[in-house]
Amino acid sequence: DQPPGTMTSTVQKKYHCSGYDDCGTIIINYSFPSGKLASGKKYYGTSRQAFLPDNEDGRDVLRLLKLSFDRRLTFTIGTSVTTGQSDCVIWNGIHHKTNMHGGNYFF
């Protein structure tokens, strides 16, 4: 039940994710306006940003994330774990790196 939204990506050569100093960074931007489901239930929108290294593996992951987004699997409507707000756009279990520094990549 991913609502309508957009996924865009850009490459920034001057930014580097931790552990990937030899390549730029792919920045993914997701945007969902607030709206109503087909059932008439209102939900709150959101914007999210994620990062991948701009290398062969990162571009492969980007392609798969785009496929997931197009199939409406990346986000859902639910209760935010961080804010406790209900009826909002939340991640749907596909992990993303949301900070350029620290943490691990999954490939």
Would you compute the distance between atom CD1 of Ile77 and atom OH of Tyr44 and round it to the nearest 0.5 angstrom? 11.5 Å
Which residues pass the side chain to side chain contact (heavy atoms under 4.5 Å, CB included) test with Asp60, sequence neighbours left out? Glu56
Mind jotting down which residue pairs meet the salt bridge (charged side-chain N to carboxylate O under 4.0 Å, His left out) criterion with at least one end in residues 28-50? Sequence neighbours excluded, please. Lys41-Asp87
Side chain to side chain contact (heavy atoms under 4.5 Å, CB included) involving Thr83 - partner list, sequence neighbours excluded: Ser80, Gln85
Tell me every residue that passes salt bridge (Lys or Arg N to Asp or Glu O under 4.0 Å) with Asp70, counting only those two or more places apart in sequence or in another chain. Lys66
Is any side-chain heavy atom of Asp1 less than 4.5 Å from a side-chain heavy atom of Tyr43? no
Salt bridge (charged side-chain N to carboxylate O under 4.0 Å, His left out) contacts touching residues 10-24 (sequence neighbours left out): Lys13-Asp54
Straight-line distance of Phe75 CZ to Thr46 OG1, nearest 0.5 Å: 7.5 Å
Answer yes or no: is there a side-chain heavy-atom contact under 4.5 Å between Ile26 and Phe51? no
Under the side-chain hydrogen bond (donor to acceptor under 3.5 Å, both in side chains) test, which residues partner Arg72, sequence neighbours left out? none
Applying side-chain hydrogen bond (donor to acceptor under 3.5 Å, both in side chains), can you list everything that pairs with Thr8, at least two apart in sequence or on another chain? none
Please tabulate, for the side chains in residues 27-34, all donor-acceptor contacts under 3.5 angstrom to protein atoms that are two or more places apart in sequence or on a different chain.
{"residue": "Asn29", "atom": "OD1", "partner": "Gln49", "partner atom": "NE2", "Å": "2.9"}
{"residue": "Tyr30", "atom": "OH", "partner": "His96", "partner atom": "NE2", "Å": "2.8"}
{"residue": "Ser34", "atom": "OG", "partner": "Gly45", "partner atom": "N", "Å": "2.9"}

Please walk me through it: do Val11 and Arg59 pass side chain to side chain contact (heavy atoms under 4.5 Å, CB included)? CA-CA 10 Å; Val11 174; Arg59 289 185 291 273; over 6 Å; no
Taken to the nearest 0.5 Å, the spacing of Ile90 CD1 from Thr79 OG1 works out to 6.5 Å
Can you tell me how far the CZ atom of Arg63 sits from the OG atom of Ser68, to the nearest 0.5 Å? 12.5 Å
If you define the side chain from C-beta out and look only at heavy atoms, does anything of Asp57 sit under 4.5 Å from Val61? no
Tell me, please, which residues at least two apart from Arg71 pass side chain to side chain contact (heavy atoms under 4.5 Å, CB included). Leu67, Leu73
Could you tell me which residues satisfy side-chain hydrogen bond (donor to acceptor under 3.5 Å, both in side chains) with Thr6, sequence neighbours excluded, listed by chain and number? none
Heavy-atom distance under 4.5 Å between the side chains of Thr25 and Leu52, does that happen here? no
Please step through side chain to side chain donor-acceptor pair (under 3.5 Å) for the pair Thr74 and Asn92, ending with a clear verdict. CA-CA 5 Å; Thr74 309; Asn92 196 26; over 6 Å; no
